[in-house]
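See below for the structure under consideration.
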Number of protein chains: 2
Amino acid sequence: MTEPAATATGYEIALREAGVRITRPRRVILGILADAGDHPDAMEIFRRAVEVERGISLSTVYRTMKLLEGIGAIHRHAFEGGPSRFEPAAGDHHDHLIDIDTGDVIEFQSDRIEELQQEIARALGYDIVHHRLELYGRKRRKQ
Amino acid sequence: MTEPAATATGYEIALREAGVRITRPRRVILGILADAGDHPDAMEIFRRAVEVERGISLSTVYRTMKLLEGIGAIHRHAFEGGPSRFEPAAGDHHDHLIDIDTGDVIEFQSDRIEELQQEIARALGYDIVHHRLELYGRKRRKQ
DNA sequence: ATGCAATTGCAAATCGTTTGCAATTAACGA
DNA sequence: TCGTTAATTGCAAACGATTTGCAATTGCAT
């Protein structure tokens, strides 16, 4: 059976294929990413990593994030204001709704919007390389 | 006749109404914003300002941008990677297509996409406070 | 086991932006 | 017109997020 991408071992396989070493700190970080249900930033990943094994440095977290981003294993999101937040690239494409009160991130997907984007870009003479669609909202008070 | 918002004097009126002083540096910066056809960043505005009158500081550019953003006279865009870029808030709402090769910014608007965003947010129990839709693309090679 | 290049931790550097402070100045009324 | 005074300025230093140089460490192929 094929290992899902967003799995500790899935990441390791991807790294091996990219020809990089599986080091102690990396293994810890990969483990954290693998079972992060949220969209943590570098500092948060660092905190969780130190929890697992002290001595890991923030630099290494950043370096590993860049590495993983480079091989397409994770996505980096620069939501308004704050630092970059990361998430496993596994799974289908989606956009984000950010709760401006809590910082919570909700994923959503709309084929229709994707199509419209394509149409717009084409009409302007462009090919979309990637896009960013973020909705910043507030939970509707149930009345 | 009413002064269009994105005009040097239009800005001054807005500032006066906000109860802030029209100073020499501010007048210069407002003039630059008024006839900026592009989406310059703080450093670029600073360069243009010094051109008009040396002695203006980058701090003042930043402070003025924040002020104008605060009263809703300009919009700040944090496109990928680079520094914040600004544009007069005057005119109707639009989103952006960024040419990843040149940095050029093309504005576009889609009522349909706006509607879909509303629907999505509503379905998730949220009210949209604002959103960010950016298409990053490359000019299609005419073949 | 051994060797060497990849990787690490640390501290210092970087980039964009903000801020403290003393000096300047716009805008008000006399 | 001239002060008076609080808002604004320029400067330099502080800032937060991220990157980097470097010497010490460590995977991993032999």
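Lettering of chains follows the sequences in order, A, B, ..., and the numbering in each one begins at 1.
- Under the 4.0 Å criterion applied to side-chain N and carboxylate O atoms, D127(A) and R138(B) are not assigned as salt-bridge partners.
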Could you pull out every donor-acceptor pair under 3.5 Å between side chains of residues 70-79 of chain A and any protein atom, sequence neighbours left out?
residue	atom	partner	partner atom	Å
R76(A)	NE	E69(A)	OE1	2.9
R76(A)	NE	E69(A)	OE2	3.4
R76(A)	NH1	S84(A)	OG	3.4
R76(A)	NH2	E69(A)	OE1	3.1
H77(A)	NE2	E87(A)	OE2	2.6

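- Separation of atoms NE2 (H131(B)) and CG (D95(A)) is listed at 11.5 Å; rounding is to 0.5 Å.
- Here E115(A) pairs with R112(A) under the side chain to side chain donor-acceptor pair (under 3.5 Å) rule; sequence neighbours left out.
- With a heavy-atom cut-off of 4.0 Å to chain B, the contacted part of DNA chain C has its first and last nucleotide at dG16(C) to dA27(C).
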List, with names and distances, any nitrogen or oxygen atoms from the protein found under 3.5 Å away from nitrogen or oxygen atoms belonging to nucleotides 27-30 of chain D.
residue	atom	partner	partner atom	Å
dG27(D)	N2	R21(A)	NH2	2.8
dG27(D)	N3	R21(A)	NH1	3.3
dG27(D)	N3	R21(A)	NH2	3.4
dC28(D)	OP1	I22(A)	N	2.9

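- DNA chain D is contacted by S59(B), T60(B), R63(B) of residues 58-87 of chain B, taking any non-hydrogen atom closer than 4.0 Å.
- With a 4.5 Å cut-off on side-chain heavy atoms, I98(B) and D104(B) do not count as touching.
- The closest side-chain heavy-atom distance from I128(A) to Q118(A) is below 4.5 Å.
- Between R63(B) and L67(B), the closest side-chain pair of non-hydrogen atoms is not below 4.5 Å.
- Scanning DNA chain D for stems, defined as runs of 3 or more consecutive Watson-Crick or G-U wobble pairs whose donor-acceptor distances all fall under 3.5 Å, gives the following ranges: C:1-15 with D:16-30, C:18-30 with D:1-13.
- Salt-bridge formation is not detected for the pair R140(A)/D99(A): no Lys NZ or Arg NE/NH1/NH2 atom is positioned less than 4.0 Å from an Asp or Glu carboxylate oxygen.
- Hydrophobic clustering (ILVMFWY, side-chain heavy atoms < 4.5 Å, transitive): V50(B) and L30(B) are in one cluster.
- For the pair Y126(A) (side chain) and L135(B) (backbone), a donor-acceptor distance under 3.5 Å is absent.
- At a threshold of 4.0 Å, the pair E51(A)-R47(A) does not count as salt-bridged, since none of the basic side-chain nitrogens sits closer than that to a carboxylate oxygen.
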Does H39(A) form a side chain to side chain donor-acceptor pair (under 3.5 Å) with E107(A)? I'd like the steps, not just the answer. CA-CA 11 Å; H39(A) 297 65; E107(A) 304 175 350; 3.1 Å; yes

